[in-house]
J.: 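Got a structure here, written out as structure tokens. Questions coming.
Ligands are counted one by one from 1 in listed order, and the atoms in each one are counted from 1 as well.
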Amino acid sequence: LFGKSILETQIDIFKKYNIDKICVITGYQKEKINQALKKRIVGIEIMTKIYDEDNVFAKILKAKIPYEKVLENKYALAFNDINPQAPIHILVIPKNPYTDLYNFTQNANLDEIKCFWELVNNVISKKVIEDNGFRIITNSGKDGNQDVPHFHVHILGGKNLGRMIN
Ligand code: AMP
């Protein structure tokens, strides 16, 4: 939380607010925590998504497994999807650990966000799909059927992709 470990944060909060017990601390719901602290709530429980350091894209970023690089910049990497659903199927991921789009937008700095979308545009230019069109998808969480818990967008193109959801 706020760049500290959960334990450090808990100790700080205990000291500052004389709190007896705190249950679960989330990494990115500062507002809820602040509200709870203002009301001197003894225990707060907020669901959180902890970044899984062993996910497959984390391994790609650490060069532990092979991948087909398309492009990269300071903060983002683009590579071919291993199981393409269209003639062009490229994934773009941030290099820093974010679980999903919401987590990325909440926590990434403007430089990272700019670099990420610049890389998306550079992939679109490189694959020359700006005129014929393309689809960008990001899956998030359970209802989004997200398989890999590191934020990514799918860039799909190279054919007519049909209706959005079947
Ligand atoms: P999602 O369901 O949005 O999380 O999509 C995860 C995507 O990652 C799927 O399209 C997979 O085919 C793709 N994928 C999984 N492992 C790899 C890998 N090692 N290299 C490239 N793409 C992968």
J.: Counting only nitrogen or oxygen atoms and a 3.5 angstrom limit, does D81 reach ligand 1?
T.: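 Yes, at least one N or O pair falls under 3.5 Å.
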J.: With a cut-off of 4.0 Å, which atoms of ligand 1 are near a heavy atom of N139?
T.: 1 (P), 2 (O), 3 (O)
J.: Is the closest heavy-atom distance from H152 to ligand 1 below 4.0 Å?
T.: yes
J.: Closest approach of K74 and K95, non-hydrogen atoms and distance?
T.: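 Closest approach of K74 to K95, heavy atoms only: O-CD, 3.4 Å.
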J.: Which pair of heavy atoms, one from P87 and one from G158, lies closest together, and at what distance?
T.: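 Nearest heavy atoms, P87 then G158: CG-O, 3.5 Å.
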J.: So which atom in L161 and which in F134 form the shortest heavy-atom distance, rounded to 0.1 Å?
T.: CD1-C, 4.2 Å
J.: Cut-off 3.5 Å, side chains only: do Q146 and N139 have a donor facing an acceptor?
T.: no
J.: Is F79 touching ligand 1 with its side chain, its backbone, both, or neither, if touching means heavy atoms under 4.0 Å apart?
T.: side chain
J.: Quick one: sort the F57 and F79 rings into parallel, tilted or perpendicular, breaks at 30° and 60°.
T.: perpendicular
J.: Are any of the N/O atoms in H154 less than 3.5 Å from those in ligand 1?
T.: yes
J.: Is it true that T138 lies under 4.0 Å from ligand 1, counting heavy atoms only?
T.: no
J.: Give the contacting part of N145 toward ligand 1: side chain, backbone, both or neither, where contact means a heavy-atom distance below 4.0 Å.
T.: backbone
J.: Is a donor on one side and an acceptor on the other found under 3.5 Å between the side chain of N107 and the backbone of F104?
T.: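 No, because the side chain of N107 does not come within donor-acceptor range (under 3.5 Å) of the backbone of F104.
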J.: If we only count N/O pairs under 3.5 Å, is I82 in contact with ligand 1?
T.: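 By distance alone, the answer is yes.
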J.: Within the distance-only criterion (no hydrogens, no angle test), does the side chain of N80 pair as donor or acceptor with the backbone N or O of I90 below 3.5 angstrom?
T.: no
J.: Could you tell me whether V148 and ligand 1 have an N or O pair separated by under 3.5 Å?
T.: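 Indeed, backbone or side chain, V148 has an N or O that close.
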J.: Checking the side chain of T138 only, and the main-chain atoms of V153 only, is there a donor and an acceptor separated by less than 3.5 Å?
T.: no
J.: I'd like to check which ligand 1 atoms, numbered from 1 as shown, lie under 4.0 Å from a non-hydrogen atom of Q146.
T.: 4 (O)
J.: Indicate yes or no for a side-chain donor-acceptor contact from H152 to the backbone of H150 under 3.5 Å, with no hydrogens or angles considered.
T.: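 Checking the backbone N and O of H150 against the side chain of H152, a donor-acceptor pair under 3.5 Å is found.
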J.: What's the shortest distance from atom 8 (O) of ligand 1 to any protein heavy atom, and which residue and atom give it?
T.: F57 CZ, 3.4 Å
J.: At a 4.0 Å threshold, what atoms of ligand 1 neighbour a non-hydrogen atom of N83?
T.: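 Result: 12 (O).
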J.: Show the atoms of ligand 1 that are less than 4.0 angstrom away from any heavy atom in L91.
T.: 8 (O), 13 (C), 22 (N)
J.: Output the list of atoms in ligand 1 that are nearer than 4.0 Å to some heavy atom of N80, sorted by atom number.
T.: 21 (C)
J.: Counting N and O atoms only, with roles assigned by atom type, does the side chain of Q85 sit under 3.5 Å from a partner on the main chain of N83, one being a donor and the other an acceptor?
T.: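 The answer is yes, because a donor-acceptor pair under 3.5 Å joins these two groups.
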J.: Where on V56 is there a heavy atom closer than 4.0 Å to ligand 1, on the side chain, on the backbone, on both, or on neither?
T.: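 For V56, only side-chain atoms sit under 4.0 Å from ligand 1.
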